[in-house]
Amino acid sequence: MTKSVFYHAGCPVCVSAEEDIISLIGEENVERIHLGEDRSKIEAAERAGVQSVPALVTPNGNVLHINFGASLEDVKK
């Protein structure tokens, strides 16, 4: 993975975090995945270690959970 992956569900907490992440590391360095719109990516997020959104998965595989918005279990519903 060469980019960080930002997983979110579109809630206000997620949108605010997304804006900050893009501002900090640049849009070209982040793949954004809206799990509410693309539910097929939930399994990949779980495999990466994401437990709640918003979360950023770094290129070396670290998962940074940012200001709890929703658990993945909630997103699955």
Side-chain angles (χ1 to χ4, degrees):
M1 174 177 18
T2 59
K3 289 184 174 187
S4 293
V5 180
F6 182 76
Y7 291 98
H8 69 97
C11 67
V13 170
C14 292
V15 171
S16 176
E18 177 180 26
E19 291 169 357
D20 287 344
I21 293 294
I22 296 301
S23 176
L24 288 168
I25 64 176
E27 190 166 357
E28 68 280 359
N29 297 313
V30 181
E31 177 183 357
R32 294 178 275 178
I33 298 177
H34 187 310
L35 295 175
E37 293 176 352
D38 190 354
R39 301 178 67 72
S40 69
K41 303 284 184 169
I42 292 173
E43 189 175 316
E46 288 179 314
R47 281 195 310 271
V50 173
Q51 297 175 5
S52 64
V53 292
L56 184 73
V57 180
T58 67
N60 64 359
N62 288 327
V63 180
L64 309 175
H65 291 94
I66 305 164
N67 195 10
F68 185 84
S71 72
L72 276 190
E73 292 304 314
D74 291 336
V75 174
K76 288 179 185 181
K77 295 177 184 177

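These numbers come from the heavy atoms of this one structure, side chains and all, not from hydrogens, waters or symmetry mates.
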With sequence neighbours excluded, give me every salt bridge (charged side-chain N to carboxylate O under 4.0 Å, His left out) pair touching residues 47-58. Glu43-Arg47

Do you know which two heavy atoms are closest between Tyr7 and Ala45, and how far apart they sit? CE2-CB, 3.6 Å

Val53 with Ile42, same ILVMFWY side-chain cluster at under 4.5 Å: yes

Under 3.5 Å, which donor-acceptor pairs link side chains of residues 15-27 to any protein atom two or more places apart or in another chain?
residue : atom : partner : partner atom : Å
Glu18   : OE2  : Arg32   : NH1          : 3.3
Glu27   : OE2  : Arg32   : NH2          : 2.6

All salt bridge (Lys or Arg N to Asp or Glu O under 4.0 Å) counterparts of Glu73, not counting sequence neighbours: Lys76

For residues 51-72, which residue pairs qualify under salt bridge (charged side-chain N to carboxylate O under 4.0 Å, His left out), counting only residues two or more places apart or in two chains? none

Can you get from Val75 to Val5 by hopping between Ile, Leu, Val, Met, Phe, Trp and Tyr side chains that sit under 4.5 Å apart? yes

Taken in chain and number order and not counting sequence neighbours, the residues that satisfy side chain to side chain contact (heavy atoms under 4.5 Å, CB included) with Asn67 are Val13

Heavy-atom nearest pair, Val63 first then Ala48, reads CG2-O, 3.0 Å

Is Ile66 reachable from Val50 through a run of I, L, V, M, F, W or Y residues, each pair having side-chain heavy atoms under 4.5 Å apart? no

For the atom pair NE2 (His8) and CG (Leu35), what is the distance rounded to the nearest 0.5 Å? 8.0 Å

Between His34 and Asp38, is there a side-chain heavy-atom distance shorter than 4.5 Å? no

With the 4.5 Å side-chain cut-off for hydrophobic clustering, are Leu64 and Ile33 part of the same group? no

Write out all pairs satisfying salt bridge (charged side-chain N to carboxylate O under 4.0 Å, His left out) with one or both partners inside residues 57-71, taking only residues at least two apart or from two chains. none

